[in-house]
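Data block below; observations after.
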Amino acid sequence: MHPTAVSETAERLDSGIADLAGFRDPDRPGWTREVFSESYRASRDWTMRRMQDAGLEVSVDHAGNIVGRMAGRSSSAPAIVTGSHTDTVDGGGRFDGIVGVLGGIEAARLLRASGATLDRDLLVVDFLGEESNPFGLSCLGSRSAAGELTPGDLDRQDYRGVRLGQAYRDFGLDPDRLTDVPWARRPLHAFVELHIEQGPTLQQRGLPLGVVTAITGIERVIATFTGSADHAGTRAMDDRRDAMVAAAEAVLAVRAEGCGAPTHGVATATRVDSESRSPNVVPSLVRMQSEIRSVDSTWLSGVRGRLSQEIAAKAGEHGVDVEFDWSTDNEIVHAAQSVQDVVASSADALGIPWMPIPSGATHDAVHMASLAPMGMIFIPSKDGKSHCPEEWSETADIALGVDALVQTITTLDGR
Ligand code: HGY
Ligand code: MN
Ligand code: MN
């Protein structure tokens, strides 16, 4: 790309990231903009205007996804889709998902500016609510587009007891039409998502680009420990049924499971809540939330049995009962070899060094993979930090990722 164009792209990316980061929850750390929040609602008008400025025809589908369309010569041909998300985790950063939405918009702008007209429509999508949320369900918008959101999902409740269906309604979306997503019902040619790596590998290897090979599967569990309440001052230590101790043993069992993964696997206890409110009572009811991830299907498929058995045995030693509520947030998904090859050849054509890399994070691409051949392009994350205020990616790396995305879209269009 001509140096002037490079600096204009870099300036637009810089200012876009800064402007979007301004839509944040003032009461939370980092750049928090959680799904259904007021800061998220306010940011969406900005995103729509950004798409319009780039010459895209903008609409919001019944699933709440913001869709920017650049018409191709043949609107009947299967479309190419790119995009990501602009919601964040609590205390999140400025790049996770945002790079894929702003990068997709920039790619469309560059394609238009080059005078190139694609054969196929290009859709740039800001998917609703990709991040895991208090309802325990990630990728709301892409899951709906793929027809994978179920009526039962809408009965999920957050810790205030609010149903997911009500949260959609409060946000202005009709819970009965969430999978009515026409653009996703037409044949689609390919889906490619630009995203930060959210890990340290590319930086450690000194590489500016990753071609994603697979996206991790995620198993989630809420373990509920039931012991017996007692006076913390009078009940002898060898005569307790302490639910907190059983939960603590479970946290360590989760860690041991992740550390024992043979190839690629992680396991994290992310929350422990005790129902006991008084500081002088032996806890009788404690819940532990955990998630386990891997691209190794053999290991991941055995994790429910291994962990349930280990945690139940430890709880039994303390006379504590335990119940498990397991769920699969998403299965392991492999990127289409055809799209991986196009991303790789595009990077080669641009002289951008790259490596194949699995994704330990999940993405909207997981659900889009059921609609079209899927691929992802990674750019480096500074020190591998993500889901925190320190999350950082260099503008030059983002611009390279955009170049690779433009080249990939152009090549896919001709196939
Ligand atoms: O949880 C994830 O991996 C993604 O950031 N939602
Ligand atoms: Mn993300
Ligand atoms: Mn994320």
Side-chain angles (χ1 to χ4, degrees), residues 17 20-21 24 28-37 40 43 47 65 82-104 125-143 148 191-201 210 212 214-221 258 264-271 289-295 300 327-333 335 357-369 374-381 384-393 398 401:
I17 287 165
L20 193 46
R24 52 187 286 273
R28 301 301 302 156
W31 284 271
T32 300
R33 186 173 54 250
E34 292 179 286
V35 67
F36 300 134
S37 67
Y40 185 63
S43 73
T47 302
N65 302 310
T82 187
S84 193
H85 62 97
T86 55
D87 63 304
T88 73
V89 295
D90 179 41
R94 291 164 282 181
F95 299 85
D96 173 3
I98 291 129
V99 158
V101 174
L102 298 188
V125 183
D126 177 2
F127 292 99
L128 182 91
E130 185 273 348
E131 292 295 357
S132 308
N133 51 51
F135 301 99
L137 196 67
S138 67
C139 298
L140 295 176
S142 51
R143 197 184 291 265
E148 295 166 359
F191 175 75
V192 188
E193 180 170 359
L194 175 63
H195 204 284
I196 59 173
E197 179 202 340
Q198 300 182 287
T201 306
V212 172
I215 300 174
T216 189
I218 304 180
E219 290 290 300
R220 287 216 162 89
V221 63
H264 167 270
V266 287
T268 316
T270 53
R271 191 168 173 158
Q289 284 188 17
S290 293
E291 62 154 54
I292 305 95
R293 303 184 183 211
S294 180
V295 293
L300 192 62
S327 61
T328 299
D329 197 22
N330 66 259
E331 304 285 351
I332 300 167
V333 170
I357 187 169
S359 174
T362 186
H363 303 282
D364 292 305
V366 160
H367 302 282
M368 287 304 292
M374 172 278 286
M376 287 194 76
I377 302 170
F378 271 179
I379 63 155
S381 291
K385 296 285 285 178
S386 182
H387 281 190
C388 59
E390 298 81 5
E391 186 180 270
W392 180 264
S393 287
I398 302 171

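Order of appearance sets the numbers: ligands from 1, and atoms from 1 within every ligand. Position 1 is the first residue of the sequence, and the numbers go up from there.
Side chains of H363 and Q198 form a contact here, defined as non-hydrogen atoms less than 4.5 Å apart.
Of all atoms in ligand 1, listed by their number and element, those nearer than 4.0 Å to a heavy atom of T362 are 1 (O), 2 (C), 3 (O), 4 (C), 6 (N). The contact set between ligand 1 and A361, taken as ligand atoms under 4.0 Å from a residue heavy atom, comprises 3 (O). Of all the atoms in ligand 1, the ones that sit under 4.0 Å from a non-hydrogen atom of E131 are 4 (C), 5 (O), 6 (N).
Under a cut-off of 6.0 angstrom, the local environment of CD in E331 is sparse, with at most 12 non-hydrogen atoms contributed by other residues, nucleotides or ligands.
Side chains of H85 and D364: a donor-acceptor N/O pair is absent below 3.5 angstrom, by distance only. Of the N and O atoms on the side chains of E197 and S381, not one donor lies less than 3.5 Å from an acceptor on the other residue.
When the N, O or S atoms of E131 are ranked by distance to the Mn ion (ligand 3), OE2 comes first. Taking the Mn ion (ligand 2) as reference, the nearest N/O/S atom within H195 carries the name NE2. Distances from the Mn ion (ligand 2) to the N/O/S atoms of D96 are shortest for OD1. Atom NE2 is the N, O or S atom of H387 at the shortest distance from the Mn ion (ligand 3). The atom of H85 nearest to the Mn ion (ligand 2) is NE2, with the search restricted to N, O or S atoms.
Of the candidates H387, H195, R293, H85, R293 brings a heavy atom nearest to atom 1 (O) of ligand 1.
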### Message
With side chain to side chain donor-acceptor pair (under 3.5 Å) as the criterion, how do S386 and E391 come out once you've worked through the C-alpha distance, each side chain's angles and the decisive distance to 0.1 Å?
### Response
CA-CA 5 Å; S386 182; E391 186 180 270; 2.7 Å; yes
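Listed for the S327 side chain is no donor-acceptor partner under 3.5 Å among the backbone atoms of D329.
Below 30°, between 30° and 60°, or above 60°: for F95 and W392 the angle between ring planes is above 60°, a perpendicular geometry.
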